[in-house]
Every structure is written in structure tokens, then in C-alpha cells.
Amino acid sequence: MSHIYCPECGFQNPEAANYCSKCGALLHTPESGEQTQTFSPEVREELLESLGELGVSGPALVVRSGGGRTGESFSPQGDRTTIGRSPDCGVFLDDVTVSRRHAALVKRDKRWMIDDLGSLNGTFVNRRRVDSAPLEDGDEIQIGKYRLTFLQH
């Protein structure tokens with residue numbers, strides 16, 4: 001059975017649902033097709049500049065929506081950074097839609113990957129559920145109700 005996650009609260013609903021059964025938010029946009037969070041080269045440059053001002057070098061995850069944390073950024077620490085609801089995780093996302101140890105950002109063969117760690121709600125890259133996936137600059141990652149953008153600079 002396929003599911004769709006509410007963009008407002010992250011609740012898992014049947015794919016055929018039009019409204020979230022938890023908060024009542026509209027689950028589908030009027031136009032058909034997939035949507036991805038994209039931004040112009042100018043916006044990307046602004047994000048990269050602000051990361052540079054914060055002393056962030058190398059790859060980063062930028063929160064695009066979810067949990068009132070839009071604009072927050074995280075840099076991987078070492079070759080493996082865990083993402084989850086546990087305060088012990090390198091990327092701490094405090095919400096019930098996120099598993100305690102939800103996913104990991106891992107560097108393998110000079111390439112960044114995201115691995116799902118057996119989470120209940122899944123890990124999505126560009127709106128596709130993945131167990132493990134390579135990351136490219138600008139990819140959208142969804143973990144629970146959080147949408148993050150992977151930036152490689």
C-alpha cells in the first residue's frame with residue numbers, strides 16, 4: 001500500500017487521500033505532476049554565501065521547510081553523520097515524524113550518500129523513497145516533515 005505524507009504535519013495518509021486525516025491539510029496540488037523544491041542560481045549563490053559567512057565549508061544540508069527551522073544548516077561531521085530525533089544525532093530533528101536514528105549522511109568513495117537506517121516513515125530523495133542513494137548538488141531530502149536541500153560547495 002502506497003502512502004503520501006502531509007506537507008504540513010508529516011502524517012502518513014493513504015495515497016488516494018485528498019486531505020490529511022490528522023490536520024486536514026490539502027495533500028495534492030491542483031496541477032498534476034511531481035514538485036521539487038528548486039531555486040534559481042542566484043538563490044543558490046546566496047545560500048552558499050551565507051554558509052560561507054557562518055564558516056561552513058564543504059557539503060551542507062539546509063532546512064527548506066518543516067518544524068519552523070527554515071534556513072537552518074548542518075554540515076556533516078566526518079565521513080558519517082546520523083540524522084534523527086535523538087539528541088545524540090549530528091543532525092537533530094525533533095519531531096515524532098522522525099525516527100530516533102532515521103538516516104545517515106555517509107561519504108563513500110569521495111561521494112556523499114544518504115542511507116535510511118530502518119526508519120518507520122522512510123527517507124526520500126527528490127520525492128522517491130530510498131534505502132540508500134547518492135546525493136547531487138541541489139537534491140531535496142525529506143525526513144519526516146522536514147525538507148532539506150543538499151548543497152555541495
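Bear in mind the structure is a predicted one, so any value in this text is a computation, not a measurement.
- The backbone N or O of Gly118 sits less than 3.5 Å from a side-chain atom of Asp116, completing a donor-acceptor pair.
- Here CD of Glu136 is found 14.0 Å from CH2 of Trp112. Values are rounded to the nearest 0.5 Å.
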Quick one: do Val106 and Asp79 satisfy side-chain contact (heavy atoms from CB on, under 4.5 Å)? Show the steps, please. CA-CA 6 Å; Val106 182; Asp79 289 344; 5.9 Å; no
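- Of the candidates Leu61, Thr149, Asn126, Val130, Ile141 forms a side-chain contact (heavy atoms from CB on, under 4.5 Å) with just one, namely Leu61.
- Listed for the Asn121 side chain is a donor-acceptor partner under 3.5 Å among the backbone atoms of Thr97.
- Here the side chain of His102 pairs a donor or acceptor atom with the backbone of Gly122 at under 3.5 angstrom.
- To the nearest 0.5 Å, atom CD of residue Gln152 and atom CG of residue Asp139 are 10.5 Å apart.
- For the pair Glu140 and Arg127, the salt-bridge criterion is met [side-chain N within less than 4.0 Å of a carboxylate O].
- Here the shortest heavy-atom pairing between Ser119 and Arg129 reads O-NH2, 4.0 Å.
- Atom OG of Ser99 sits about 11.0 Å away from atom CG of Leu93, to the nearest 0.5 Å.
- What you find for Thr81 and Gly90 is that their closest heavy atoms are CG2-CA, 3.9 Å.
- The shortest non-hydrogen separation linking Cys89 to Thr82 is CA-OG1, 3.3 Å.
- Residues Ile83 and Ile143 share a closest heavy-atom pair of CG2-CD1, 3.6 Å.
- Across all their heavy atoms, Thr70 and Ser65 have their closest contact at OG1-CA, 3.7 Å.
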Hey, mind stepping through Arg85 and Asp94 against salt bridge (Lys or Arg N to Asp or Glu O under 4.0 Å) and telling me if it holds? CA-CA 5 Å; Arg85 196 178 67 217; Asp94 189 19; 5.5 Å; no
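- No continuous path of hydrophobic side-chain contacts links Val98 to Phe11 [ILVMFWY only; heavy atoms under 4.5 Å].
- Side chains of Phe74 and Val63 form a contact here, defined as non-hydrogen atoms less than 4.5 Å apart.
- Here Asp115 contributes atom CG and Leu105 contributes atom CG; the two are 9.0 Å apart, rounded to the nearest 0.5 Å.
- Side-chain N or O atoms of Gln77 include one that pairs as donor or acceptor with a backbone N or O of Ser75 at under 3.5 Å.
- Under the 3.5 Å distance criterion, the side-chain polar atoms of Ser86 are matched with a main-chain donor or acceptor of Asp88.
- The local environment of CZ in Arg100 is sparse, with at most 12 non-hydrogen atoms from other residues, nucleotides or ligands closer than 6.0 Å.
- Heavy atoms only, all atoms of each residue included: Met113 and Pro134 are closest at SD-CA, 3.4 Å.
- Not a single donor-acceptor pair under 3.5 Å links the side chain of Gln12 to the backbone N or O of Pro14.
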